[in-house]
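Working notes, structure below.
Lettering follows sequence order; numbering is per chain, from 1. A quick note: this is a predicted structure, and the numbers were derived from the prediction, not measured.
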2 protein chains.
Amino acid sequence: MTAQVGIADVAAAAGVSRTTVSLVLNNAQSRISDETKTRVRRIATEIGYSPNSVARSLRTRRTRTIGLISDRIATTPFAGRMLAGVHDVARENEYLVFLVNTDGESQIERDAIRALAGQQVDRVIYASMWHQELRAPAELPSSAVFLDCRPIGSNHAAVVPDDRAGGAAAVSELIAAGHRRIAYVDTTENPRPVAADLRWRGYLDVLKAAGLPIDPRLHVREELSAAGGRRATESLLRLPPHSRPTAVFFFNDRMAVGAYAAANALRLEIPRDVSVFGFDDQQLVASELDPPLSTVALPHYEMGRWAMEMALDQRPPPESTYLMTCPVIRRASVGPPSPSPTKTG
Amino acid sequence: MTAQVGIADVAAAAGVSRTTVSLVLNNAQSRISDETKTRVRRIATEIGYSPNSVARSLRTRRTRTIGLISDRIATTPFAGRMLAGVHDVARENEYLVFLVNTDGESQIERDAIRALAGQQVDRVIYASMWHQELRAPAELPSSAVFLDCRPIGSNHAAVVPDDRAGGAAAVSELIAAGHRRIAYVDTTENPRPVAADLRWRGYLDVLKAAGLPIDPRLHVREELSAAGGRRATESLLRLPPHSRPTAVFFFNDRMAVGAYAAANALRLEIPRDVSVFGFDDQQLVASELDPPLSTVALPHYEMGRWAMEMALDQRPPPESTYLMTCPVIRRASVGPPSPSPTKTG
DNA sequence: CTTCGTGGATAAATCGGTTTATCGGTTGGT
DNA sequence: ACCAACCGATAAACCGATTTATCCACGAAG
């Protein structure tokens with residue numbers, strides 16, 4: 001392992017000063033002859049010079065690094081897309097990303113913020129792995145950007161999914177397909193996820209706008225799991241015919257999976273007998289079901305990009321939390337409603 | 001934002017030189033009076049000193065950072081556990097991790113290695129998101145550690161899952177449950193995953209050791225998806241009774257999911273009529289199926305830890321690629337074989 | 001009385017770049 | 001002939017820590 005070639009080596013080989021080399025390689029607007037410029041550049045690549053970013057950073061006080069603090073990367077399948085979004089923008093701008101995982105422990109969080117500050121990161125992104133409201137740690141600089149969470153008691157820039165509009169879009173799809181009795185399968189999770197509430201609000205928005213009645217029997221709460229989704233679906237499908245829903249909108253895909261088992265057990269077919277809508281577009285799940293699950297995608301990649309662009313000041317600061325659109329993913333779990341056994345009118 | 005407090009500020013406040021402050025805070029073996037030591041330490045915390053790692057790194061030539069190069073973090077649900085393993089060890093040792101995603105493009109890879117070298121990272125971990133054999137980029141230092149991939153043509157330290165032993169363990173479980181006719185559902189993926197071959201070898205190992213015949217009809221290849229797994233299962237279960245398998249071992253969970261749909265379509269029940277074994281222990285899938293899927297877990301977290309410990313020289317270099325054990329996860333998809341309709345003997 | 005050793009602390013060099021101020025030389029204007 | 005402007009290039013300061021070499025004072029030894 002030969003020692004790293006430095007700027008002094010380039011200077012010596014080119015017969016100029018280190019100053020000149022620095023000016024040339026940084027394209028500083030300075031009066032250096034074209035002849036010298038090309039020679040320095042040629043020699044630099046010839047001898048394989050690559051600058052020591054640590055030394056540069058010390059002087060310039062900018063490191064071209066950002067710190068990404070996340071509460072947990074391991075336990076959610078969405079983390080990757082968010083990281084990818086952040087990372088892609090970083091790479092496009094020749095930034096490097098420090099990744100720190102806190103497991104949600106505030107002591108680790110504080111240590112991480114300290115360590116990142118010590119490393120002189122240019123900015124910090126404070127990410128949550130699901131949409132929630134968080135109080136910023138006192139040590140967090142005000143320039144930090146919140147990703148997939150919104151700050152309580154501070155006005156950090158922030159981006160979260162527009163769950164309300166997403167829920168509305170899902171329900172609109174079902175209405176457009178002809179459904180009039182649409183259930184919402186909620187979660188009993190405690191504390192209640194912000195998203196569960198927003199999606200429910202979206203549901204209400206659309207039903208009201210369409211002039212449809214809100215039937216409390218069609219709002220059921222269950223454990224956040226496939227089994228919970230199955231139980232919810234079974235109870236809904238056992239309602240008397242005239243109150244039974246023809247479509248079910250689930251808090252998320254994980255619960256929606258349970259609908260398939262329930263339909264199977266009741267010898268019903270999706271979407272012929274009941275339409276199903278999920279939320280999250282969970283990879284390797286939603287698209288692999290039979291029939292593939294219609295759902296609303298969480299824009300994790302886009303949110304990651306947004307946060308990083310924000311961190312690099314490439315976006316005007318929003319007046320408040322930025323709501324990222326959740327695109328509807330149309331698959332085969334939605335169809336026209338099955339004719340009601342007792343037809344009214 | 002007040003300027004970062006530096007070592008000079010501590011020195012001034014304590015009425016000593018910067019040298020003294022440095023010696024005290026680094027616990028250097030030096031003759032400094034206890035009185036001075038405690039005073040310096042007290043003042044340092046009082047005024048909130050935190051060292052500038054950039055400056056320190058420049059001098060010490062060690063940055064306490066490592067670079068983690070991965071081919072893709074977004075598209076696999078396992079990435080998180082691997083990152084978590086790497087990260088936990090990093091944190092325990094007060095290291096920070098640069099995360100770089102290359103999407104498998106060698107140009108990005110080269111740029112990343114250059115950038116990380118410029119940042120003077122102490123070590124590099126070269127990770128793949130699934131078990132494969134890779135040729136190291138020429139620029140990769142020989143001290144780099146391979147994670148979830150083994151090097152071709154170089155002898156970098158490396159860790160991969162012991163897929164062969166994992167496959168053997170799965171099949172052993174099935175044999176222990178009483179099965180004699182066990183199918184292996186392979187993938188047609190091209191290029192063929194290393195793991196598909198190793199798991200198959202594990203299958204053969206066990207059948208041979210148990211003195212059971214190898215029936216080529218029980219080795220089927222299908223597309224790597226739930227649909228592929230379903231087709232494979234259906235073809236297996238339609239074999240004539242005396243050649244039909246009583247248990248199916250799938251290349252991975254994703255394909256094993258198809259067995260549930262197939263069983264349903266054929267009005268068979270898992271595990272009463274057929275036992276099912278997966279591989280990967282894919283989160284939010286294997287455990288959520290009904291019945292929950294018995295499978296073999298990929299030790300991503302442990303491999304991540306191993307790689308980072310290796311990078312920090314906390315492990316003796318292995319003579320060759322380290323094979324990490326894949327633990328068997330017993331769930332409810334395995335039972336005793338259903339009695340063959342035509343009983344012989 | 002001089003020399004030596006030692007405890008406590010520090011001045012100065014160093015890491016590898018960037019930035020500022022300055023240099024010598026040539027040209028151009030008056 | 002003198003000064004200003006400008007060109008091309010560089011010496012030296014600087015970033016904030018660590019590390020080396022050195023300093024002073026004091027007590028013990030010769």
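Distances from the side chain of A:Ala55 to the nucleotides C:dT10, C:dT20, C:dG17 place C:dG17 closest. Between C:dG16, D:dA17, C:dT10, one nucleotide has an atom nearer to the side chain of B:Thr19 than all others, and that is C:dT10.
In this structure, the CZ atom of A:Arg18 is 10 Å from the P atom of C:dC15, given to the nearest Å. In this entry the distance linking CZ of A:Arg59 with C1' of D:dG16 reads 12 Å, nearest Å. Atom-to-atom, CZ of A:Arg64 to P of C:dT18 comes out at 13 Å; the value is rounded to the nearest Å. Separating the CG atom of A:Asn52 from the C1' atom of C:dG16 is a distance of 6 Å, rounded to the nearest angstrom. Nucleotide C:dG17 holds its C1' atom 15 Å from the CZ atom of A:Arg61, rounded to whole Å. Between the CG atom of A:Leu58 and the P atom of D:dA13 there is a distance of 17 Å, given to the nearest Å. If you measure from atom CD of A:Gln4 to atom C1' of C:dG16, you get 11 Å, rounded to the nearest angstrom. Rounded to whole Å, atom P of C:dG17 lies 6 Å from atom CD1 of A:Ile7.
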I'd like a table of atom pairs between the protein and nucleotides 5-8 of chain D - only N or O on both sides, under 3.5 Å - with the distance next to each one.
from  : atom 1 : to      : atom 2 : distance (Å)
D:dG8 : N7     : A:Arg31 : NE     : 3.2
D:dG8 : O6     : A:Arg31 : NH2    : 3.1

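Taking only side-chain nitrogens and oxygens, A:Thr20 comes nearer than 4.0 Å to OP1 or OP2 of D:dT10. Contact between the side-chain N/O atoms of B:Tyr49 and the OP1/OP2 oxygens of D:dG16 is not found at any separation under 4.0 Å.
With a 4.5 Å cut-off on side-chain heavy atoms, A:Leu96 and A:Thr63 do not count as touching.
Side chain of B:Asp71 to main chain of B:Met129: a donor-acceptor pair is present (N/O by atom type, distance under 3.5 Å, no hydrogens or angles). The closest donor-acceptor contact from the side chain of B:Asp9 to the backbone of B:Gly6 lies under 3.5 Å.
The residue among B:Lys37 and A:Ser50 whose nearest nucleotide of DNA chain C is located toward the 5' end is B:Lys37.
Neither side chain, A:Thr19 nor A:Ser22, offers a donor N or O lying under 3.5 Å from an acceptor on the other.
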